[in-house]
Amino acid sequence: MSLLIADGIGKSFGGLRALAGVSFAVDEGEIVGLMGANGAGKTTLFSIIAGHQRASEGAIRFKGASISGLRPDQVCRLGIARTFQIVRPFAGLSARDNVETALLFGGAQQSASAKVSDRAMEILEEVGLVDQWQKPAGAMTLSGRKRLEVARALGTAPELLLLDEVMAGLTPAEVAEMLETLRSVKRGYNLTIVIIEHVVRALVELSDRIIVLHHGELIAEGAPADIAKDKSVRAVYFGEEDA
Amino acid sequence: MKEITRNWPFLGCLLVLAGAGIATPHLFGAYWTLVALNLAMWIALTQSWTLFSGMTGYISLGHVVFYGIGAYVVVATFKTVPLWISVPMGGVVAALFALIVALPVLRVRGPYFVILTFGVAELVKFIILNIETGLGKSSRLLFGAPGAQTLLYVMICLAIAASGLTLFAKVSRFGRGLTAIREDETAAETVGIPVARYKVIAFAASAAIPGMVGGLMALRSTYFEVLQVFNPIVSFTIVTMAIIGGSGDARGPLFGAAFMVGLSELLWANAPRLYMILLGLFLVGFVVFAPSGLVGLLARRGRETSA
């Protein structure tokens, strides 16, 4: 069954068309990679799904019901979590407090304070930040803050996780660790994931299916191996002539 | 509840202050009763300000508007509505006013919000000034207002209520939401915090007690003059006390208010100009050298001596 359906999504900023007629579906348990050059509309698509921006055309359906027009906090409580390309931790709060906030307000809505702390530590353990739980988020390394983005998203008890370049700017070793983390949390939480990534190798390795956006339009969709052979994708990425 | 009891030093401090305040009229006479009233007033105002501005990071430079509205409600209904109704009503009207202006005002952040709150306060001041002029009243005298001791006791209740409210906000889920909004509003809504609703509720809650304080202080001066009651110096003083106290939670206002009321007692009568100069120096000094205020300084001192 499709967990998420984007139906003809269009978005214009004044005269600029950021997205036009983008339709796709994401099945439960899938990992879908979202590829495309800078400015292709990937992050705008995430913002529309998460409720930060409103689509000019089309609708988003989650578990069969339309979520277009809902606020980000409402979308979050329905079970969609997102991370930010440019990380947005609660910089003055400790790593644990960051995750606790998500636990208190997200889909989990936990209330017993002792449980919340324990649960936050479990999540930090899963993303490999448990030894830094006291550290203010603002004092962490980029790799740490990217992990914290994931931890905080997990804290909201999502079914669908939207990951926006959680591996950009990391060293190859850190990328490998992050891939391992993502695989294990996906299994542990039974998650469906849509992931934007410029580290193409990581994307190919992780995804079940890849969607390619170019100038706001969906130009290709398929298994990672097929995408690499796709003519229109090659044309966009390598400038090859259509045969 | 556990978080509340963990704050026992703060609660103890508050109880001692309240006890001293209640004893003042009996032990130290009329002059010190007024000083205590003054202190309780500033604690109530600064705590209320902290509840919103300290927690959310939206710095209000117009809190005098709630004080003024409360005063105006009490003065306008004086001798027609009993005080035990009109003073709380001043708080209710101030909170309602906050609710109404919150939606447009809370759309802007940072320096724009600061200027806007200041502007709204000035706007209301001149609207009420015009109403009063239209009614042919340049100022009003209140005969038969309650005495300073009664006002002091009510004011102490307000100071405790405001302190309790801010303490509760800090340790509650609500406060966790406000703190997240201060840190990053977009991230806050992404983890499920209804940011617009939280900001509006906090803004209204932070207006209610200043409204009642304004009503009491109108009774204290037995004289109502719009430009004086809506004087922006009140807003500035609240912010100054909050900065000098520091902390962004319920402890700061106690220190900030006590420090400044003490300073004004020392200097006001003998060297009023020196007082204003020192006020400016302290404000600059704290912002530059001790941005976490007296609470921050004391906490650092405590760590150094225990280490």
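As a basis for the values below, the full set of heavy atoms in this structure was taken, side chains included, without hydrogen atoms, waters or symmetry mates. Throughout, a chain's letter reflects where its sequence line sits, starting with A, and its residues are numbered from 1.
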Enquirer: For A:F90, is it the side chain, the backbone, both or neither that has a heavy atom under 4.5 Å from a heavy atom of chain B?
Expert: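 Both backbone and side chain.
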Enquirer: Using distance alone, with no hydrogens and no angle criterion, decide if A:E159 and A:Y189 have a side-chain donor and acceptor under 3.5 Å apart.
Expert: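 Distance-only check fails for A:E159 and A:Y189.
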Enquirer: Side chain, backbone, both or neither: which part of A:A91 has a heavy atom under 4.5 Å from chain B?
Expert: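 When you check distances to chain B, atoms from both the backbone and side chain of A:A91 fall under 4.5 Å.
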Enquirer: Suppose we screen for side-chain contact (heavy atoms from CB on, under 4.5 Å). Which residues come up paired with B:F286, at least two apart in sequence or across chains?
Expert: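 For B:F286, the residues satisfying side-chain contact (heavy atoms from CB on, under 4.5 Å) (neighbours in sequence not counted) are B:I243, B:I244, B:F282, B:A290, B:L294, B:L297.
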Enquirer: Given heavy-atom pairs under 4.5 angstrom as the criterion, report whether the side chain, backbone, both or neither of B:T179 touches chain A.
Expert: side chain
Enquirer: Under a 3.5 Å threshold, yes or no: a donor from one side chain and an acceptor from the other, between B:H63 and B:S206?
Expert: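 Their side chains do contain a donor-acceptor pair, which is all the 3.5 Å distance test asks for.
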Enquirer: Does the side chain of A:R82 come under 3.5 Å of the side chain of A:S47 through a donor N or O and an acceptor N or O?
Expert: yes
Enquirer: Measure up the A:F105 and B:Y198 rings against each other and bin them: parallel (under 30°), tilted (30 to 60°), perpendicular (over 60°).
Expert: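 Perpendicular: the ring planes of A:F105 and B:Y198 meet at over 60°.
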Enquirer: Would you mind checking which part of B:A188 comes under 4.5 Å of any heavy atom in chain A, side chain (CB onward), backbone (N, CA, C, O), both or neither?
Expert: both
Enquirer: Heavy-atom pairs under 4.5 Å with chain B: which of A:R152, A:E149, A:R71 has the most?
Expert: A:R152
Enquirer: Considering only heavy atoms, which portion of A:P89 lies under 4.5 Å from any heavy atom of chain B: side chain, backbone, both, or neither?
Expert: backbone
Enquirer: By a 4.5 Å heavy-atom criterion (distance strictly below it), what part of A:T156 contacts chain B: side chain, backbone, both, or neither?
Expert: side chain
Enquirer: A:D97 versus chain B, heavy atoms under 4.5 Å apart: side chain, backbone, both or neither?
Expert: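 Its backbone and side chain both get close to chain B.
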Enquirer: Do the ring planes of B:F113 and B:Y58 sit parallel (below 30°), tilted (30 to 60°) or perpendicular (above 60°)?
Expert: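 Ring orientation, 0 to 90° scale: perpendicular.
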